[in-house]
Each structure stands twice: as structure tokens, then as C-alpha cells.
J.: 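One structure, as C-alpha cells, below. Some questions next.
Indexing begins at 1, ligand by ligand and atom by atom, following the structure's order.
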Amino acid sequence: MPLKESEAIVLRTFPLGEGDRLVSFLDRQSGRVRGVARGARLPKSRFGSTLEMLAYIRIWYFERETRELVRINQCELIESFLDVQRDYSSSVALALVSEITDSVLGEREAADAQFRLILLTARAIRVHGPSQVVLAYFCLWTARLGGWLGPLDRCSRCGRVIQLETVFHSAGFAEIYCANCRDERMKPISKEALSVGRMALAGTLDRLLKENPAIAPTKEILSYALDVLEHHIEKKLVSRRTFEVGESGIIEI
Ligand SMILES: [Zn+2]
């Protein structure tokens, strides 16, 4: 039973048995892994606050060939996002990031780019709050890294290069169509929203934040990306609903 050491991000945890925790985490080298942290819910647990949502940790765990669940031996905190979680709407944004990542990644598929994207996003939420710009960047890039998002500059039917104009798509599907090729049931994406999406996919998050895109088109492209992700995972994201029914002051998507 070899002991493995790696950097990881805690995605989600669930109570297990009397005092244990089932932990889904993203191992920087091996991808998404699930394991058991024995005694993690007991007072004075040796895991301390290392298993909080999106905690960036160094982890040591035992793998067993015959079992799907690894046994988590030890964790050391590299960076915590507990401070960000103190703000309710920021904590909902972090929950969305963790739920999406946990849902879209296959088990044990290396995902270093997603790893860096999560850290970038969580740090940006710490600085900028639960900004739609940050979430739109995260969702668009998660869809792109998953291979579900094509270029946002060509009609999927006729192949025509799309300038800055309104395009159309079927809810949940990433393919965009020009006005000539659209189907009646398709939903429009405004040219402003398309522009935010292209900017997100063409540059860095810093640059996108500096551009400070307007809220309405940002929400629109965020909603498009979330629909694509939900379609792919074949379920509704619980934390997305939390946004939508959020109290006043909570962002709506
Ligand atoms: Zn077309």
C-alpha cells in the first residue's frame, strides 16, 4: 500500500459514519480522487481546517488497488479560503466552483489546467468578491478545458466568420449559429455577451477584469456557459439555484 504525496484542492466533503469524512479532492498529478479521512469530524482532529472547501493542501494518502476510495493519512494547509467563505455570497460562488469541478472532472484524469483555474478563481473571488466576470471566466474556461466549447467566432452550420453580431444557440448546446442558419427555437446571445465571452477565452482574467465588462452581457454569457456545463453533466447545479433564489444583494444569474 504505497503512500502518495501530492498537492491537492479539496472539492467537497461529506460526513461518513461516526466521525469520518468522505473527501473529493483534485490531486494536481492524478486528477479527481475520493478518499476517507478517518476521525476528521471528531474534536481535535489532526486534519484541523485542511478539509474545508477549496482548501489548497499538501496531502498524503494510501491507495489500494482493489478499492476505489483512498485512505487520507495527513494534510497540510498551503492556502485556505475560509476567510472568503465568511462572506455569504462569496461562499456561494466558491460552492459553485467546487460543485462544477467535482461534477465535470472524470475520476483520475490529470487536470492541471483546471487545478490552476480553480486557484486563480478562488483568489480572484477573495479580491473582487463573487463577481460575475470571475465566474463567467471560470465557467467558460471549464467548458473549454472539457472540450465542450468551440470557437465563438464561426457559425456552426455555414462556417461563416461571425463579426460582432447577435448569434443563436440551443439551450445547453455550445454551438452558435448566425441569423441565417438559426432555428426558430434557438435563444439569442447578444453581440455584447459574445464579445465578453471571446475576451474571456482570448486573454487572462486580469485583462478581462480591467476591461470591466457590463453586468448584463456578462450575466448572459455566464448563463450560456452554465447551461453548457449542466447539459454536459446531465444535471442541474444546486449552487446555481442558490444564486438564482438568493436574497437581495446576492448575485443573480
Ligand atoms: Zn450560418
J.: Could you tell me whether the side chains of Thr218 and Gln132 share a donor-acceptor contact shorter than 3.5 Å?
T.: no
J.: Between Ser223 and Lys219 (side chain of the first, backbone of the second, donor and acceptor by atom type, cut-off under 3.5 Å), is there such a pair?
T.: no
J.: How close do His169 and Glu175 get, counting heavy atoms only, and between which atoms?
T.: CB-O, 3.2 Å
J.: Looking at Lys191 and Glu165, does any basic side-chain N land under 4.0 Å from a carboxylate oxygen?
T.: no
J.: Same hydrophobic cluster for Leu51 and Phe62, using side-chain heavy-atom links shorter than 4.5 Å among ILVMFWY?
T.: no
J.: Taking the Zn ion (ligand 1) as the centre, count the protein N/O/S atoms lying under 2.8 Å from it.
T.: 4
J.: Using a strict cut-off of less than 4.0 Å between a Lys/Arg side-chain nitrogen and an Asp/Glu carboxylate oxygen, indicate whether Arg71 and Asp20 qualify as a salt bridge.
T.: no
